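Treat the numbers as computed from the prediction; the structure is a model and nothing was measured. Residues: numbered from 1 along the sequence shown.
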Amino acid sequence: MFRRREPVPFAFVAEADRFRSNVTPPPRESLSKSQLAARSLVGLTVVAGLVGSLLFGMPALQPSKAPEKSQQSQASEGR
């Protein structure tokens, strides 16, 4: 089930999968009020667009009854 690893000529290549950095990343900066407001406004705009497209698109997806009278243009009435 487990295969033995082949010997590697360089020790740093063999230990690369076990390497952990001792350098910690800098802490994340907190968002300012304007950045938070901008992100929430963009999110609300996206959600409103999706809801609006759903509301306007639903009638087009509903099966409609076949028209009782065939629709013809006025130009074909005189023939």
task = Check whether V47 and L55 end up in the same hydrophobic cluster, where Ile, Leu, Val, Met, Phe, Trp and Tyr are linked by side-chain heavy atoms less than 4.5 Å apart.
result = yes
request  = Mind checking the CG-OG spacing from L41 to S34? Nearest 0.5 Å is all I need.
outcome  = 12.0 Å
query = Hey, what do you get for CG (L54) to CG (L61), rounding to the nearest 0.5 Å?
reply = 8.5 Å
key: Interatomic distance, S53 atom OG to M58 atom CE [nearest 0.5 angstrom]   = 11.0 Å
Check: Q62 side chain, P59 main-chain N or O, donor-acceptor pair, under 3.5 Å = no
